[in-house]
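Here is how names work: the chains are called A, B, and so on, in the same order as the sequence lines, proteins then strands, and each is numbered from 1.
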Amino acid sequence: MLEMALTGSKRYWTWISFLLIVIGAGVLSYLHQFDYGLGVTGMSRDVSWGFYISQFTFLVGVAASAVMLVIPYYLHDYKKFGKIVILGEFLAIAAVTMCILFIFVDLGQPMRVMNVILHPTPNSILFWDATVLNGYLFINLIVGWTTLTADRKGTPPPAWVKPFIYLSVPWAVSIHTVTAFLYAGLPGRHFWLTAVMAARFLASAFAGGPAMLILLCLIVRKVSKFDPGKEAIQTLGKIVTYAMFANVFLLGLEFFTAFYSQIPGHMHAFQYLYVGIEGHDKLVPLMWISTILALISLVMLVFPNIRKNEGQLAFACVAVFISLWIDKGFGLVVGGFVPNPFERVTEYWPSLPEILIALGIWSIGFLVLTVLYKVAIAVRERTASWPELH
Amino acid sequence: MSINRRDFLRIAGASTLFGLAGVPAVEEILKTNAEAAVLPGPNALKAKRWAMVIDVNKIGTEEDYKKIIHACHSIHNVPDIGNKKDEVKWIWEEDYEHSFPGVSDEFVPESIEHKPFLLLCNHCAKPACVRVCPTKATFKRPDGIVAMDYHRCIGCRFCMAACPYGARSFNWRDPRPFIKEENKEFPTRMKGVVEKCTFCSERLARGLKPACVEASNGAIVFGDLEDPGSEVRKVLSTKYTLRRKPEVGTGPSVYYVIGGNEHA
Amino acid sequence: MYNGGKIILGLVIFVGLFAFPIFYNTGKTADVPKPSLDTPVINQMEKKECVESKEWMKANHMQLLDSWRDSVLRDGNLVYESTGGKKYIMSLQNNCMHCHSNKKQFCDSCHSYANVKPYCWTCHIAPKENEI
């Protein structure tokens, strides 16, 4: 089926070339980092994880969100998602690919990455994260490819793939839970040491992922003859609404615990992120943009009249996505390191090579996504002319 | 072609098996190598749980602090990179307030408030860094030392996020150009691995106490925490001491004598 | 056959590219390395012997070093008792290289020939050879 990605309009090839150029810049930056060491990034002794790990964390959420299509379609027989569930699965594949790459570029000794398998260490959450992420990638490859192949032939998917589909549901939850456990089990990092971390991760994932999916559906409709369906998009909009409310609620719980208890260690990271500590306030503008976008999106999403207008829904989804990207794809990781264990403040800001490498990985993700979506759309465009089967 | 398909498959299969069984095979080779054996050093210092008590009141001037830090950093080839971002350190000075955040009171004696403390890896009883390491590159030895295997570290820095004491440094770049005078008897590290204090395990194996203890003129006492007759236990039974962040449950093995300046 | 010419041309380029190392090296031979034992310490030894027999070391030094590393670092050992009952400190930098102070003529001669690149020397300090 992949050959379907080899024919396309001029616009398609322009987009592919653009991605390849950005990937090239990222690869060159990575070679520089590989040679010099991670010192080319903005990370330091005090803030020892930065942009890479936060992108990884955010994207695990995007990957997990495919389950928001799988559950209604396969467990509740919600037919409207039938045409787009493949878009969710392919988005998961692209997102997990990016996750794995972001972990890889963050390693100081990438050539030794197989040590994780050569010396398996079940007490390390990172060991489990590597396991569940790779597993999730395979499950989605198997399910996505098999169901699409069956669709193309106009036959129902083979029976053996069903167990994989059901397995993908708890597995999606597991990847984000395990990722939250990377943070939530560390003594002495107050900002991360919270039992609602995994719950908050899942809530933000189920808002951010479907928000991205709505945007992708609208793009797909615009550039192809395949229509994901107005009603499917509206249902996704409702999912985004509920999940975003849950996410903001959970964030509110964190604020309450920190500031009502007045325990200094619990307040510090929030103070750093939202007002700054002793004049150190690099992240403050970003965090407020995130907060304002979250509020705007909630207001827009909660009124059905606004949500039903696809243009306005798209705007709200962009707001949700950016808000969550700042909150989880930046603030969450950096906030955990500031102030440091001595209650001193070292700030962090990504360097140019670091941003180029991150953009390169995002572009690889979009390349994977584009190619997979191209195939899916081509199949959908063909089967759309077989009304008797659908 | 003298090799047929079946032979080829057999050889390929055998080499795959050999490849997979590579690690135990090494042990086999050593075992078959007759009576060869490995032993601890004849003078090795042994303990059930190594611990340290630091009495900064006994460290006089800034020069004395520098001497202790230099003793450690010079023999272990710790680089002096000269900027805070890439900094690597095994033992360093920190004031009372920032050494004991959450414990430090508003009003403390002048002698404590402005006296620098010496911070280093706490060689915890329940080290969080060991718990999170995905390759066992950092591990706990039977004598309580939290050790690093720099050959195995993949540089994920999970241990740095997990350590509540900021004891770990990462080699953000090649450290070699920043080592002023190499100690030819000790390795350096390479870029991309995490490093920290080792309680001088390489010296203990040869019967020597840690370098900082030796350079401290008695301000740092080192011994077995589980031996009631040890030097550290004697100090602990007579002086009031603090450990850093005991509330996180890691069980640090480095104690700090607080006050007790009356004899000085 | 569709595009037969293009396919054949592509195949020729592919085979040519991948077989290049074979063509390039045909008829050339590299000298078999002879690791040198000419160092001050070894020259002074009455009986020139390593921790194990020369043949065994030739075949197994990498496994030996690997097991020494784990034994010293992870198990806190220091001394290796050889098959012959002699005792040696297990240390690449302080003991092996004490005798074999000619890394370039000893280690590197074979390693370059076999194109193996052990990463010992990114951390362990190699002996200063021109000083001798």
Side-chain angles (χ1 to χ4, degrees), chain A residues 33-50 53 103 106-130 182-183 185-190 192-193 263-265 268 333 336-337 339-344 346 348, chain B residues 22-23 81 83-89 94-95 97-102 104 119 124 126 128 130-137 139 149-175 190-194 244-245 247-250:
Chain A
Q33 177 187 300
F34 188 82
D35 177 55
Y36 179 94
L38 280 162
V40 299
T41 68
M43 291 184 273
S44 62
R45 194 180 189 279
D46 285 338
V47 186
S48 48
W49 280 342
I53 293 295
I103 290 277
D106 189 65
L107 294 180
Q109 281 293 328
M111 304 309 282
R112 297 184 191 162
V113 64
M114 294 316 275
N115 279 3
V116 178
I117 294 157
L118 288 173
H119 308 283
T121 314
N123 49 278
S124 172
I125 300 293
L126 204 55
F127 168 78
W128 291 108
D129 215 23
L182 287 176
Y183 302 100
L186 303 181
R189 302 268 179 206
H190 293 293
W192 295 338
L193 190 75
I263 297 174
H268 281 150
V333 171
F337 287 105
N340 73 3
F342 315 101
E343 296 193 348
R344 289 187 187 277
T346 306
Y348 162 82
Chain B
V23 180
I81 296 175
N83 72 63
K84 205 167 169 296
K85 183 177 159 306
D86 298 330
E87 186 181 32
V88 176
K89 55 190 180 185
E94 182 59 273
D95 62 27
E97 185 194 342
H98 293 95
S99 297
F100 301 96
S104 52
L119 306 189
C124 302
K126 284 193 243 165
V130 171
R131 190 154 62 234
V132 301
C133 178
T135 62
K136 305 186 192 83
F139 56 97
D149 186 342
Y150 305 112
H151 309 91
R152 195 182 284 185
C153 175
I154 60 172
C156 72
R157 311 190 295 295
F158 203 177
C159 56
M160 293 177 81
C163 175
Y165 306 102
R168 291 174 165 268
S169 306
F170 182 72
N171 286 282
W172 297 103
R173 54 196 298 189
D174 181 12
M190 65 194 294
K191 70 169 183 241
V193 298
V194 173
R244 295 174 62 208
K245 298 187 186 172
E247 75 277 9
V248 296
T250 48

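- In this structure, the portion of B:Tyr150 lying under 4.5 Å from any heavy atom of chain A is its backbone and not its side chain.
- In this structure the side chain of A:Arg112 reaches within 4.5 angstrom of the side chain of B:Val193, judged on heavy atoms.
- Comparing A:Ile263, A:Val47, A:Ile117, A:Leu107 by how many heavy-atom pairs each has under 4.5 Å with chain B, the most go to A:Leu107.
- Although no hydrogens or angles enter the test, the distance criterion places a donor-acceptor pair under 3.5 Å between the side chain of B:Lys136 and the main chain of A:Pro120.
- Residue A:Tyr36 touches chain B through both its backbone and its side chain, counting heavy-atom pairs closer than 4.5 Å.
- Of all heavy-atom pairs spanning B:Cys133 and A:Ser124, the tightest one is O-CB, 3.3 Å.
- Among the candidates A:Leu182, A:Ile125, A:Val113, the residue making the largest number of heavy-atom pairs closer than 4.5 Å to chain B is A:Leu182.
- Ranked by heavy-atom pairs shorter than 4.5 Å toward chain A, the options B:Asn83, B:Thr135, B:Asp86, B:Asn171 are led by B:Thr135.
- Ranking B:Cys153, B:Ser169, B:Ala161, B:Ala137 against chain A, the residue ahead of the rest is B:Ala161, based on heavy-atom pairs under 4.5 Å.
- Proximity to chain B involves both the backbone and the side chain of A:Arg45, based on heavy atoms less than 4.5 angstrom apart.
- The backbone N or O of A:Leu186 lies less than 3.5 Å from no partner atom in the side chain of B:Arg131, so there is not a single donor-acceptor pair.
- Heavy-atom distances place both the backbone and the side chain of A:Met43 under 4.5 Å from chain B.
- Panel note: side chain A:Ser44, backbone B:Lys85; no donor-acceptor pair is recorded below 3.5 Å.
- The minimum heavy-atom distance linking B:Lys84 with A:Thr346 is given by the pair NZ-OG1, 3.3 Å.
- Looking at every heavy atom in both residues, B:Cys163 comes nearest to A:Arg189 through O-NH2, 4.0 Å.
- Contact detail for A:Leu126 and B:Cys156: the closest heavy-atom pair is CD2-SG, 3.6 Å.
- For the salt bridge (charged side-chain N to carboxylate O under 4.0 Å, His left out) test, residues two or more places apart in sequence or in another chain that qualify with A:Asp106 are B:Arg157.
- Side-chain contact check for B:Met190 versus A:Gln109: some heavy-atom pair is nearer than 4.5 Å.
- Only the side chain of A:Asp46 comes within less than 4.5 Å of a heavy atom of chain B; its backbone N, CA, C and O stay farther away.
- Under the side chain to side chain contact (heavy atoms under 4.5 Å, CB included) criterion, B:Val248 pairs with A:Pro187, B:Pro164, B:Tyr165, B:Lys245, B:Thr250, not counting sequence neighbours.
- Neither the backbone nor the side chain of A:Trp128 comes within contact range of chain B; no heavy atoms are under 4.5 Å apart.
- When heavy atoms are compared at a cutoff of 4.5 Å, B:Val130 approaches chain A solely by way of its backbone atoms N, CA, C and O.
- Neither the backbone nor the side chain of A:Tyr348 comes within contact range of chain B; no heavy atom of the residue lies under 4.5 Å from a heavy atom of that chain.
- When each of B:Arg173, B:Arg152, B:Lys191, B:Glu87 is scored by its heavy-atom pairs under 4.5 Å with chain A, the top score falls to B:Arg152.
- Here the side chains of A:Trp49 and B:Phe158 are in contact, with some heavy-atom distance below 4.5 Å.
- Contact annotation for B:Glu94: only side-chain heavy atoms (C-beta onward) come within less than 4.5 Å of a heavy atom of chain A.
- Between chain B and the residues A:Asn123, A:Leu193, A:Ile53, the largest count of heavy-atom pairs under 4.5 Å involves A:Asn123.
- The closest side-chain heavy-atom distance from A:Phe342 to B:Arg244 is below 4.5 Å.
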